[in-house]
Amino acid sequence: RATMISAAVNILCSLPIDCWIFWGKRVSPTFDVSLWYLWLVAGFQSAFYIGSMAYLPKVLGFTTCYVVTLSAKLLTSLVVDDFGLTGSIVPITFARTASVVCVVSGAIIFNSRQTSGSSSSEDDEDGASVVSLGEGRSFLISGTFVTVSEKSSSFVGESFTSRRASSMAGHSFGGQQQ
């Protein structure tokens, strides 16, 4: 479902840009049949990427999968720019390298804080983490801020489902049993 939503958003957001390029800049799209192998490779690459992103978070965890993906994208962009594969050569400088190191280090530190904090965590039947946090703590789940309250028997936020509520029974929040 997330893949379909992502594809729909991608198409809807790119259509105005495509229209502007076609009618505003008068650049018509061309499809060269002699380059069929590039379309085939692009299709396989997309299928591999989507399949990997559906499978790897279950194996590596979501944050680790994000860090690996981010690192690969940033390092690949450095190499592509350095060799000028997109038309212009942009050399690898200390500032660009330091920027990549800072971003990747921040993602790794964030990942280590999530896995070694004072909260307890276990996996439910989907492989998603069920986390116990102290009262009043807020955290981010799928783009939604969630706050844990001692008085509430559930999270405040749209990412929480009733099935998770039943799997959370007995978990402690701020030292109190639910």
Side-chain angles (χ1 to χ4, degrees), residues 1-119 121 123 126-129 131 133 137-146 157-159:
R1 188 173 75 177
T3 304
M4 293 299 294
I5 292 171
S6 175
V9 168
N10 185 17
I11 290 170
L12 288 175
C13 291
S14 66
L15 280 178
I17 297 169
D18 294 339
C19 291
W20 176 75
I21 290 171
F22 182 69
W23 285 296
K25 293 293 186 179
R26 307 238 185 257
V27 177
S28 61
T30 59
F31 300 101
D32 191 355
V33 182
S34 66
L35 300 175
W36 64 270
Y37 56 90
L38 294 177
W39 291 97
L40 187 66
V41 169
F44 282 129
Q45 181 268 335
S46 294
F48 176 76
Y49 179 77
I50 291 170
S52 297
M53 290 297 113
Y55 177 72
L56 287 178
K58 295 175 188 173
V59 176
L60 300 175
F62 288 99
T63 308
T64 305
C65 189
Y66 169 75
V67 169
V68 169
T69 304
L70 177 67
S71 303
K73 285 180 181 181
L74 292 174
L75 293 174
T76 301
S77 70
L78 280 177
V79 171
V80 166
D81 287 346
D82 190 52
F83 287 115
L85 299 177
T86 58
S88 61
I89 296 175
V90 181
I92 297 176
T93 63
F94 176 76
R96 292 185 74 207
T97 306
S99 299
V100 169
V101 168
C102 284
V103 169
V104 172
S105 298
I108 291 171
I109 290 169
F110 178 79
N111 185 28
S112 67
R113 287 190 68 215
Q114 293 296 318
T115 57
S116 66
S118 61
S119 62
S121 174
D123 290 342
D126 290 343
S129 291
V131 181
L133 298 169
R137 300 260 327 253
S138 295
F139 57 102
L140 189 65
I141 297 178
S142 302
T144 303
F145 278 103
V146 179
E158 63 184 301
S159 295

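Please read all numbers here as calculations on a predicted model, not as lab measurements.
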Under the side chain to side chain contact (heavy atoms under 4.5 Å, CB included) criterion, do F83 and I89 qualify, and how do the steps go?
-> CA-CA 6 Å; F83 287 115; I89 296 175; over 6 Å; no
Mind checking salt bridge (charged side-chain N to carboxylate O under 4.0 Å, His left out) for D18 and listing every partner two or more places apart, or none if nothing turns up?
->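 Applying salt bridge (charged side-chain N to carboxylate O under 4.0 Å, His left out) to D18 gives none.
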Roughly how far apart are [X] [atom1] and [Y] [atom2], rounded to 0.5 Å?
{"X": "I92", "Y": "L78", "atom1": "CD1", "atom2": "CG", "answer": "5.0 Å"}
{"X": "N10", "Y": "I5", "atom1": "CG", "atom2": "CD1", "answer": "13.5 Å"}
{"X": "M53", "Y": "Y66", "atom1": "CE", "atom2": "OH", "answer": "12.0 Å"}

Run the side-chain donor-acceptor check on residues 93-103: report pairs under 3.5 Å with partners two or more places apart or on a different chain.
{"from": "T93", "atom 1": "OG1", "to": "R96", "atom 2": "N", "distance (Å)": "3.3"}
{"from": "R96", "atom 1": "NH1", "to": "V90", "atom 2": "O", "distance (Å)": "3.3"}
{"from": "R96", "atom 1": "NH1", "to": "P91", "atom 2": "O", "distance (Å)": "3.4"}
{"from": "R96", "atom 1": "NH2", "to": "D81", "atom 2": "OD2", "distance (Å)": "2.8"}
{"from": "T97", "atom 1": "OG1", "to": "T93", "atom 2": "O", "distance (Å)": "2.9"}
{"from": "S99", "atom 1": "OG", "to": "A95", "atom 2": "O", "distance (Å)": "2.8"}

Side chain to side chain contact (heavy atoms under 4.5 Å, CB included) between Y49 and T69: does it pass, once the steps are laid out?
-> CA-CA 10 Å; Y49 179 77; T69 304; 4.0 Å; yes
Minimum heavy-atom distance between L56 and C65, given as atom pair plus value =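 Here L56 and C65 meet closest at CB-SG, 3.9 Å.
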What are the two closest non-hydrogen atoms of F22 and P29, and how far apart are they?
->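 Looking at all heavy atoms of both residues, the shortest contact is CD1-CD, 3.6 Å.
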Hey, does I21 have a side-chain heavy atom less than 4.5 Å from the side chain of I17?
->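 I17 vs I21: side chains touch.
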Using a 3.5 Å cut-off and no angle test, enumerate the donor-acceptor pairs between side-chain atoms of residues 31-45 and protein atoms at least two apart in sequence or in another chain.
{"from": "D32", "atom 1": "OD1", "to": "S34", "atom 2": "N", "distance (Å)": "3.2"}
{"from": "D32", "atom 1": "OD1", "to": "S34", "atom 2": "OG", "distance (Å)": "2.9"}
{"from": "D32", "atom 1": "OD2", "to": "S34", "atom 2": "OG", "distance (Å)": "3.1"}

From CA spacing to verdict: side chain to side chain contact (heavy atoms under 4.5 Å, CB included), S71, V67 = CA-CA 6 Å; S71 303; V67 169; 4.1 Å; yes
T76 side chain to K73 backbone, donor-acceptor under 3.5 Å =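 No, because the side chain of T76 does not come within donor-acceptor range (under 3.5 Å) of the backbone of K73.
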